[in-house]
Amino acid sequence: MNDARCDSVHESVNTNELRCVDVAVIGAGISGLAVADQLIRAGLSVSVLEARARLGGRLLGSPLDLGASWFWPGEHRVMALTQRLAVDIFEQYRTGDALIDDIAGVQRYPGNPIDVPAHRIAGGTSALAAALTAQLPSGTLHLQQPVHEITSDRHIATRDYVWQAHHVVIALPPALAVHAITLPPELPPELIDVAARTPVWMGDSVKVVAHFNEPFWRRDGLAGAAMSRRGPLTEVHDMSGPGGEPAALFGFAPAASMHADIEKDIRKQLIRMFGTRASDPIGVLIQDWSREQWTMPPGTQGLPDYAMFGHPRYQQPALEGRLHWSSTETARTYAGHIEGALEAAERTVASIAGSSFITT
Ligand SMILES: Cc1cc2nc3c(=O)[nH]c(=O)nc-3n(C[C@H](O)[C@H](O)[C@H](O)COP(=O)(O)OP(=O)(O)OC[C@H]3O[C@@H](n4cnc5c(N)ncnc54)[C@H](O)[C@@H]3O)c2cc1C
């Protein structure tokens with residue numbers, strides 16, 4: 001590993017706390033972790049600076065996923081990563097009938113037109129982030145270090161420290177970066193505008209997981225899949241682990257529908273759709289992503305313009321080639337998905353590896 005030499009020190013930073021690396025990655029979601037892993041394997045020194053007390057970002061929960069659950073056929077980067085890290089995968093359960101819940105009542109729909117073939121990760125998608133982190137040398141990941149400033153000469157200020165880096169990677173949703181981080185003033189206004197208008201994928205969603213003793217709906221010939229016009233859950237899927245253990249259903253609800261008694265309404269809905277055996281879950285977990293400070297910046301709910309995903313401004317590094325955008329929202333393909341986060345990481349790594357700013 002190379003030891004980066006610090007350039008001249010910015011006057012506003014405390015020199016006692018200055019830490020120098022080739023690359024500072026902001027955010028320990030799957031994209032930031034993938035960038036760090038690949039650059040470290042290429043011989044660079046990397047620090048990953050993470051605001052939360054945990055890694056994984058929008059990959060959360062083990063084994064019950066409170067963030068991402070699936071990856072789909074054709075998403076070869078995720079598949080390759082599971083294989084390299086020897087993380088077990090299994091197939092989404094889809095066998096049986098689906099349910100439609102509307103004002104006419106609950107109707108059984110023969111077959112399952114709701115679920116598409118998808119892969120799941122044993123232990124939850126956060127197991128992928130954990131396995132990737134286990135590859136990193138100790139001391140790479142710095143938790144509870146929210147970045148609040150990046151200066152023109154690439155000093156990166158967190159809660160406790162200042163880093164200096166040859167390259168800085170912004171591996172968090174662009175709208176959150178422009179909200180929470182003071183960025184170098186020479187970044188083009190058009191770039192800041194694009195970032196501020198880029199929606200945060202799933203940032204205004206609520207994920208609800210109902211955990212049961214057994215996947216009783218399977219014995220009734222149900223796939224666990226449902227669509228509802230009555231809510232609060234608008235769609236439901238089987239989220240059990242391999243072989244039905246642990247047994248769980250999950251659903252999405254719009255963040256705008258949340259209120260103090262929402263759990264009561266969700267329990268009623270599950271009984272309405274799946275019968276009295278749904279009345280006694282081991283637990284109901286409610287994850288409101290719109291209230292997550294380190295995912296969803298205030299005032300960005302309902303941003304409409306998904307055409308901002310993968311915007312050309314994100315494909316070229318800024319700040320003379322030294323500041324890179326690497327969250328799933330910046331990917332040109334599969335933006336929003338884990339696959340997109342890995343695509344963005346791949347572009348970032350190629351750009352840094354091809355740069356003349358890395359000293360050896
Ligand atoms: C409910 C839900 C369901 C989803 N379902 C699926 C699915 O089934 N399949 C799929 O492919 N995708 C799904 N997704 C999307 C998927 O989770 C994301 O594409 C992926 O996790 C994004 O990874 P990322 O690294 O780009 O960003 P993130 O995971 O958001 O990582 C960003 C990291 O930056 C950190 N951070 C933020 N601000 C700062 C700061 N100032 N300083 C330091 N660190 C900071 C955050 O804490 C976080 O760890 C879902 C998402 C949600 C929320």
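Read the numbers this way: they start at 1 and go in the same order the structure lists the ligands and their atoms.
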Visitor: How far is atom 4 (C) of ligand 1 from its nearest protein heavy atom, and which residue and atom name does that atom have?
Guide: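 For atom 4 (C) of ligand 1, the nearest protein heavy atom is Ala68 CA, 3.4 Å.
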Visitor: We want to know whether Gln315 and Arg347 form a side-chain donor-acceptor pair, criterion being a heavy-atom distance below 3.5 angstrom.
Guide: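 Yes - a donor-acceptor pair under 3.5 Å links their side chains.
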Visitor: Could you tell me, atom by atom, which parts of ligand 1 come under 4.0 Å of a heavy atom of Ser31?
Guide: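 In order of numbering, the contacting atoms are 25 (O), 26 (O).
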Visitor: Can you name the atoms of ligand 1, numbered from 1 with element, that are less than 4.0 Å from a heavy atom of Leu49?
Guide: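 Near Leu49, the atoms of ligand 1 are 43 (C), 44 (N).
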Visitor: With heavy-atom distances below 4.0 Å as the criterion, list the atoms of ligand 1 near His337.
Guide: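 Result: 10 (C), 11 (O), 12 (N), 19 (O).
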Visitor: Which ligand 1 atoms are under 4.0 Å away from a heavy-atom of Gly29?
Guide: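 Numbered from 1, ligand 1 contributes 25 (O), 29 (O), 31 (O), 33 (C), 49 (O).
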Visitor: For atom 34 (O) of ligand 1, what is the nearest protein heavy atom, given as residue, atom name and distance?
Guide: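 That would be Gly27 CA, 3.2 Å.
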Visitor: Strictly by salt bridge (Lys or Arg N to Asp or Glu O under 4.0 Å), give each pair with a member in residues 273-291 just once, sequence neighbours left out.
Guide: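 Non-adjacent pairs meeting salt bridge (Lys or Arg N to Asp or Glu O under 4.0 Å): Asp220-Arg277.
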Visitor: Where is the nearest protein heavy atom to atom 42 (N) of ligand 1: which residue, which atom, and how far?
Guide: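 For atom 42 (N) of ligand 1, the nearest protein heavy atom is Val147 N, 2.9 Å.
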Visitor: Hey, any chance Met202 and Leu59 share a hydrophobic cluster, counting ILVMFWY side chains that come within less than 4.5 Å of each other, even indirectly?
Guide: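 Per the 4.5 Å side-chain linkage, Met202 and Leu59 are not co-clustered.
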Visitor: Contact between Ile30 and ligand 1, counting heavy atoms under 4.0 Å?
Guide: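 True for this residue.
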Visitor: Using a distance-only test with no angle check, is there a side-chain donor-acceptor pair under 3.5 angstrom linking Gln145 and Asp160?
Guide: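 Yes, side-chain donor-acceptor contact under 3.5 Å.
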Visitor: Under 4.0 Å between a side-chain nitrogen and a carboxylate oxygen: does that hold for Arg313 and Glu190?
Guide: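 Looking at Glu190 together with Arg313, the answer is yes, because their closest N to O distance falls below 4.0 Å.
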Visitor: Counting only heavy atoms closer than 4.0 Å, does ligand 1 sit against the backbone of Phe71, its side chain, both, or neither?
Guide: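 Neither; nothing of Phe71 gets under 4.0 Å from ligand 1.
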Visitor: Under 4.0 Å from ligand 1, counting heavy atoms only, is it the side chain of Leu176, its backbone, both or neither?
Guide: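 The answer is the side chain of Leu176.
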Visitor: Distance alone, cut at 3.5 Å: any donor-acceptor contact between the side chains of Glu186 and Ser152?
Guide: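 Indeed, the side chains of Glu186 and Ser152 share at least one donor-acceptor pair under 3.5 Å.
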Visitor: With atom 36 (N) of ligand 1 as the reference point, say which of Ala34, Ala171, Ala51, Gly336 has the nearest heavy atom.
Guide: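 That would be Ala51.
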Visitor: Any ion pair linking Glu91 and Arg120 (charged N to carboxylate O, less than 4.0 Å)?
Guide: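 Salt bridge between Arg120 and Glu91, a charged N being under 4.0 Å from a carboxylate O: no.
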Visitor: Under 4.0 Å, counting heavy atoms only: does Gly203 come that close to any atom of ligand 1?
Guide: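 No, Gly203 has no heavy atom closer than 4.0 Å to ligand 1.
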Visitor: Taking both backbone and side-chain atoms of Ser326, is any N or O found less than 3.5 Å from an N or O belonging to ligand 1?
Guide: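 There is no such contact.
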Visitor: Between the side chains of Glu214 and Arg219, is the shortest nitrogen-to-carboxylate-oxygen separation below 4.0 Å, so that they form an ion pair?
Guide: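 Judged by the 4.0 Å cut-off on N to carboxylate O distance, Arg219 and Glu214 do form a salt bridge.
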Visitor: Taking distance alone, with N or O pairs closer than 3.5 Å, would you say Glu75 contacts ligand 1?
Guide: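 In fact, backbone or side chain, Glu75 has no N or O that close.
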Visitor: Closer than 4.0 Å to some heavy atom of Trp72 - which atoms of ligand 1 meet that?
Guide: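 Counting from 1, the qualifying ligand atoms are 7 (C), 8 (O), 9 (N), 10 (C), 11 (O).
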Visitor: Would you check the N or O atoms of Thr295, main chain and side chain alike, for any that come under 3.5 Å of an N or O of ligand 1?
Guide: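 N/O-N/O distance below 3.5 Å does not exist for this pair.
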Visitor: Please indicate whether Phe216 has more than 12 foreign heavy atoms, meaning atoms of other residues, nucleotides or ligands, lying under 6.0 Å from its CZ.
Guide: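 Yes, because the 6.0 Å sphere around CZ of Phe216 holds more than 12 heavy atoms from other groups.
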Visitor: To check your reading of the model: name the closest protein heavy atom to atom 29 (O) of ligand 1, its residue, and the distance in Å.
Guide: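 Residue, atom and distance for the closest contact: Arg58 N, 2.8 Å.
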Visitor: Which protein heavy atom lies closest to atom 9 (N) of ligand 1, and at what distance to 0.1 Å?
Guide: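 I find the closest protein heavy atom is Trp70 O, 2.7 Å.
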Visitor: Supply the atom-to-atom distance Glu75 CD to Ile338 CD1, rounded to the nearest 0.5 angstrom.
Guide: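 The distance works out to 8.0 Å.
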Visitor: Of the protein's non-hydrogen atoms, which lies at the shortest distance from atom 26 (O) of ligand 1, and what is that distance?
Guide: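 Protein heavy atom at minimum distance: Thr328 N, 2.9 Å.
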Visitor: Are the side chain of Thr198 and the backbone of Val194 linked by a donor-acceptor contact shorter than 3.5 Å?
Guide: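 Yes: the side chain of Thr198 pairs with the backbone of Val194.
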Visitor: Below 4.0 Å from ligand 1: does a non-hydrogen atom of Trp289 turn up there or not?
Guide: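 Yes, Trp289 has a heavy atom closer than 4.0 Å to ligand 1.
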Visitor: Under 4.5 Å between side-chain heavy atoms, counting indirect links through other Ile/Leu/Val/Met/Phe/Trp/Tyr residues: same cluster for Phe309 and Trp72 or not?
Guide: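 Linked, Phe309 and Trp72 end up in one cluster.
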Visitor: Of the protein's non-hydrogen atoms, which lies at the shortest distance from atom 49 (O) of ligand 1, and what is that distance?
Guide: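 Result for atom 49 (O) of ligand 1: Glu50 OE1, 2.6 Å.
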Visitor: Does Gly340 come within less than 4.0 angstrom of ligand 1, counting non-hydrogen atoms of the residue?
Guide: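 Judged by the 4.0 Å heavy-atom criterion, Gly340 does not count as contacting ligand 1.
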Visitor: Who's closest to atom 52 (C) of ligand 1 heavy-atom-wise, of His148, Met202, Arg52?
Guide: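 It is Met202 whose heavy atom sits nearest to atom 52 (C) of ligand 1.
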Visitor: As an exercise, identify every atom of ligand 1 less than 4.0 angstrom from a heavy atom of Leu59.
Guide: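 With Leu59 as reference, the close atoms of ligand 1 come out as 17 (O), 21 (O).
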Visitor: Consider only side-chain heavy atoms of I, L, V, M, F, W and Y, link residues closer than 4.5 Å, and tell whether Leu176 and Leu323 are in one cluster.
Guide: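 Linked, Leu176 and Leu323 end up in one cluster.
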Visitor: Among side-chain atoms of Gln269 and Ser228, is any donor-acceptor pair under 3.5 angstrom?
Guide: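 Judged by distance alone, the side chains do pair up.
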Visitor: Could you list the atoms of ligand 1 found under 4.0 angstrom from a heavy atom of Ala341?
Guide: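 Going through ligand 1 atom by atom, the ones under 4.0 Å from Ala341 are 23 (O), 26 (O).
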Visitor: State whether the shortest distance between N or O atoms of Glu339 and N or O atoms of ligand 1 falls below 3.5 angstrom.
Guide: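 N/O-N/O distance under 3.5 Å: no.
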Visitor: Should the proximity of Ser205 to ligand 1, defined as any heavy atom under 4.0 Å, be assigned to the side chain, the backbone, both, or neither?
Guide: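 Contact part for Ser205 vs ligand 1: side chain (C-beta onward).
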Visitor: Determine yes or no for a side-chain-to-main-chain donor-acceptor pair under 3.5 angstrom, with Trp289 supplying the side chain and Leu66 the backbone.
Guide: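 Between the backbone of Leu66 and the side chain of Trp289 there is a qualifying donor-acceptor contact (under 3.5 Å).
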Visitor: Can you tell me which residue and heavy atom of the protein come closest to atom 11 (O) of ligand 1, and the distance to 0.1 Å?
Guide: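 Going by distance alone, atom 11 (O) of ligand 1 is nearest to Ile338 N, 2.8 Å.
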Visitor: In terms of side-chain geometry, is the basic nitrogen of Glu263 or Arg267 positioned less than 4.0 Å from the acidic oxygen of its partner?
Guide: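 Yes, charged N to carboxylate O under 4.0 Å.
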Visitor: For ligand 1, is there an atom lying under 4.0 Å from some heavy atom of Tyr334?
Guide: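 Checking ligand 1 against Tyr334, which is what was asked, there is no heavy-atom contact under 4.0 Å.
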Visitor: Name all residues meeting the side-chain contact (heavy atoms from CB on, under 4.5 Å) criterion together with Asp102; count only those two or more places apart in sequence or in a different chain, and write none if there are none.
Guide: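 Asp102 satisfies side-chain contact (heavy atoms from CB on, under 4.5 Å) with Ile100, Ala104, Gln107, Arg229 once adjacent residues are dropped.
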Visitor: Please could you name the atoms of ligand 1 that Gly56 approaches to less than 4.0 Å, counting only its heavy atoms?
Guide: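 With Gly56 as reference, the close atoms of ligand 1 come out as 29 (O).
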